[in-house]
Amino acid sequence: MDLSKPLDHDGQLSIFTTKSPEGLDLVRHDAAHIVASVVQRLYPGTQVTIGPTTDDGFYYDFARDKPFTPEDLEAIERAANEEIRKDLPFSRSEVTREEALALFGELGEKFKLEIIEDIFAKGARSLSLYRHGDWVDFCLGPHGPSTGRVGVIKLLSVAGAYWRGDHRNAQLQRIYGTAFFTQKELDAWVTQQEEARKRDHRKLGKELDLFAFHPAAPGAVFWTANGTMLFTTLQAAMRRMCLANGYIEIKTPLLYNKMLWEKSGHWGKYRENMFLILDPEADPTLPEEERASISLKPMNCPSHHLFYEMKRRSYRELPLRLHTQDVLHRNEATGVLSGLTRVRQFQQDDAHIYLMESQIADEVARLTKLIAKVYDAFGLSFVAKFATRPEQKIGDDALWDKAEAALRDALEQTGLAYELKPGDGAFYGPKIDFDVADSIGRKWQLGTIQLDYNAPERFDLGYIGSDNASHRPVVIHRAIYGSFERFIGILIEHYAGNFPVWLAPEQARLLPVSERHHAWAEEVAGKMREAGLRVEIDRSHGKLGAMIRDAQLAKIPYALVLGDKEVEARGVSPRKHGTGKEADLGLMPLEAFLTQITAEAEIPY
RNA sequence: GCUGGCGUAGCUCAACCGGUAGAGCACCUGACUUGUAAUCAGGAGGUCGCGGGUUCGAGUCCCACCGCCAGCUCCA
């Protein structure tokens, strides 16, 4: 509520000021109204829809045939900021359903009429209107007292959006913007955005020579030697952890006859995301999906189920934990591909755990511990989210009731705090998603624990129990990194390219001061490589300063200066990555440095 | 897939109203033999994303395609 609304009941009253986050959210809401009002003035005939605030600002969706150009955006921004200078008061009033329909009907606002009907259909008694100048919108509020309180509005971009988020509906034009109380706060935000762009994994991937893309293979990564080192180091770390925790690693085929996908349910629910291989013998007039006889796997689960059922299983084998890092292909829509975070070919640190129902709680507890251990090692904090059955699903409701109850109980027993995501489960079962926050506070969905009662039915999986009778196991799908590709993308941004020693593709660079120091550099490199470390010698004839600079820009954890003093002492002078005097660690014996860096090169989980 | 924007040397970016492509870094060669964030000089490098069209003439204007970016829908 705002200052113009009468207090009509008792309750908690807290006051929002320019200092509180709610205050900022409020002016952004004001800003959305202001932008909508000037858009309708500058571009008559444009219809308004909705204009909510976001974490970073606000947007407003408009229906207009002609798209807004970047020049339009500038004009709108200028006009919006003039409205602020006019300091027009916001005034609030309430109307009935009929009054609201009459008002917006007269204005010709089709989308608003639809929203009004919805609001009253949900049981509202009246609608609150907010006016500033001669423009009116209905809105829950609250709003500030006048447009002058907004400070400054900056428009960011135009994008297409669908009415009510459904791609079958009308395409609208969404104008993104943000607002702040002062220009100074806006400038600070802009600077912060620029800083975030500097650590964009696509930019750093190029600068640090980690990976590349080619138009001939959109959505598929070329990993350079450096990037491959990141990839294989993470693979090895996950392998080691899995082996230490009762998993076995297997490899399965990449291509399957479609009979597998029909059995798993993917053919019905997931086919449009699968790369199909057409049968050359098939009738060319048939639609593609009928000519396809085989497909690249988009997930590992069906392969694992086949693997499980190839042998008769005993209850003594359970939980049977299968780990696989195979290559997967998903035919993602062109518009969604983005750097490493959304690709068509990727590898997951995937596992499927076959177990008895009585083992679910214990296994979920073990898994959450493993997940926490891994994220901790990277300094990533996380939140657990419990996701229930989606609209597109397989299996009957009784099975879903059972699966959701079992997974939820298991989650509660871990004592972990969690949030709910209704309808966000996988099509075969409910799941716990782990959303991590990186060093600049961005959220990513990474790990997942999914409980599946459907697959064992479809694949007719069984095990022989202690009673010598056949029983149905349950399956848990789990991943911790999620996919190597996305995880590496996130790590690049999280570390801003400054990888810890154990991950860094080049862990140390040796800088001989002049050619007569190369022999000692070779010897140091040999010793370090024997210790399993990744080192290179800078053989350029540049000055030391230039070599230091190159090593710094390449974000190599240690640069070792090797000159007369070091040769004499059979030592090295390490300079830790980073600026300032503390970066130079001074002359130390090679053995001492080896002990230090070897410890830092250990896998931390 | 949809809406909008963009695509010039390995990278970052110039090139007016349409007049025939330029810089820095990187690379190669030579000189310099260097002590904690850039040594100097020279050289080489481009079918302006691809294919059509308009024009005396297209990097520049138009069309189609490919790719990338910001979103939407979807998602590891």
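Each chain gets a letter, A, B and so on, in the order the sequences are listed, and its residues count up from 1.
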Participant: Assign A/Glu485 to base, sugar-phosphate, or nothing according to its heavy-atom contacts below 4.0 angstrom with the strands shown.
Facilitator: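 Nothing: the residue A/Glu485, judged by heavy atoms under 4.0 Å, touches no strand.
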Participant: In whole angstrom, give the distance that lies between atom CZ of A/Arg202 and atom P of B/U12.
Facilitator: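 Distance, rounded to whole Å: 13 Å.
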Participant: Examine the side chains of A/Ser303 and A/Asn300 and answer whether a donor and an acceptor come within less than 3.5 Å of each other.
Facilitator: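 Judged by distance alone, the side chains do not pair up.
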Participant: Using the C1' atom in both, what is the distance from B/U47 to B/C32, to the nearest Å?
Facilitator: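 Going atom to atom, C1' in each nucleotide, I get 41 Å.
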Participant: Please answer whether B/A76 and A/Phe346 are stacked, defined here as ring centres separated by less than 5.5 Å and planes angled under 30°.
Facilitator: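 According to the criterion (under 5.5 Å, under 30°), yes, A/Phe346 stacks.
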Participant: Please work out if A/Ala479 contacts a base, only the sugar-phosphate, or nothing of the nucleic acid, heavy-atom cut-off 4.0 Å.
Facilitator: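 Result for A/Ala479 = nothing.
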Participant: Where do A/Gly489 and A/His201 come nearest, in terms of heavy atoms and distance?
Facilitator: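 Scanning both residues completely, I find the closest heavy atoms to be O-CB, 3.5 Å.
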Participant: Does A/Ser157 reach a base, just sugar-phosphate, or nothing at all? Heavy atoms under 4.0 Å.
Facilitator: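 Touches sugar-phosphate only.
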Participant: I want to confirm an ordering. Mapping A/Ile548 and A/Lys206 to their closest nucleotides on RNA chain B, which one lands closer to the 5' end?
Facilitator: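 Checking each residue's closest nucleotide, the 5'-ward one belongs to A/Lys206.
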Participant: Run the ring-ring contact (aromatic ring centres under 6.0 Å, His included) test against A/Phe382 and tell me which residues pass, sequence neighbours left out.
Facilitator: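 By the ring-ring contact (aromatic ring centres under 6.0 Å, His included) rule, A/Phe382 matches A/Tyr375, A/Phe434.
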Participant: With a 4.0 Å cut-off on heavy atoms, is A/Arg342 in touch with a base, just the backbone sugar-phosphate, or nothing at all?
Facilitator: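 It contacts base atoms.
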Participant: May I ask you to say what A/Gly545 touches in the nucleic acid, namely base, sugar-phosphate or nothing, with a heavy-atom cut-off under 4.0 Å?
Facilitator: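 Touches sugar-phosphate only.
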Participant: Over all strands shown, is A/Phe68 touching base, sugar-phosphate only, or nothing at heavy-atom distances under 4.0 angstrom?
Facilitator: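 Answer is nothing: A/Phe68 stays at 4.0 Å or more from every strand.
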Participant: Distance check needed: B/A76 C1' versus A/Leu234 CG, whole Å only.
Facilitator: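 Going from CG in A/Leu234 over to C1' in B/A76 covers 15 Å.
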Participant: Assign A/Gly160 to base, sugar-phosphate, or nothing according to its heavy-atom contacts below 4.0 angstrom with the strands shown.
Facilitator: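 It contacts base atoms.
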Participant: Among the candidates B/G35, B/A76, B/A37, find the nucleotide nearest to the side-chain atoms of A/Ser573.
Facilitator: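 Taking heavy atoms from C-beta onward, the closest nucleotide is B/G35.
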Participant: Should B/U3 form a Watson-Crick or G-U wobble pair with both distances under 3.5 Å, which nucleotide is its partner?
Facilitator: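 B/U3 is paired, partner B/A70.
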Participant: Identify, residue by residue, the members of residues 46-66 of chain A with a heavy atom below 4.0 Å from RNA chain B, and return them in order of residue number, or none.
Facilitator: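 Here the set is empty: none.
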Participant: How close do A/Ala508 and A/Ile597 get, heavy atom to heavy atom, and via which atoms?
Facilitator: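 That would be CB-CD1, 4.3 Å.
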Participant: When the P atoms of B/A9 and B/A15 are compared, how many Å lie between them, rounded to an integer?
Facilitator: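 Rounded to whole Å, the distance is 15 Å.
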Participant: Give one of base, sugar-phosphate or nothing for A/Glu515, where a contact means two heavy atoms less than 4.0 Å apart.
Facilitator: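 Result for A/Glu515 = base.
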Participant: Start at the 5' end of RNA chain B and walk down; is the nucleotide closest to A/Val158 or to A/Gln450 reached first?
Facilitator: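 Checking each residue's closest nucleotide, the 5'-ward one belongs to A/Val158.
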Participant: Please give the distance between the P atoms of B/U20 and B/A38 as a whole number of Å.
Facilitator: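 B/U20 and B/A38 have their P atoms separated by 40 Å.
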Participant: With both distances under 3.5 angstrom, what nucleotide forms a Watson-Crick or G-U wobble pair with B/A23?
Facilitator: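 By the stated definition (distances under 3.5 Å), B/U12 pairs with B/A23.
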Participant: Give, ordered by number, those residues of residues 560-572 of chain A having at least one heavy-atom distance below 4.0 Å to an atom of RNA chain B; if nothing qualifies, reply none.
Facilitator: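 By residue number: A/Val561, A/Gly563, A/Asp564, A/Lys565, A/Glu566.
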Participant: Could you check whether A/Gly339 gets within reach of a base, just the sugar-phosphate, or nothing at all, counting any heavy atom under 4.0 Å?
Facilitator: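 A/Gly339: backbone/sugar contact only, no base atoms under 4.0 Å.
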Participant: Using a heavy-atom cut-off of 4.0 Å across all strands, would you classify A/Leu553 as base, sugar-phosphate, or nothing?
Facilitator: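 Counting heavy atoms under 4.0 Å across all strands, the contact made by A/Leu553 includes a base.
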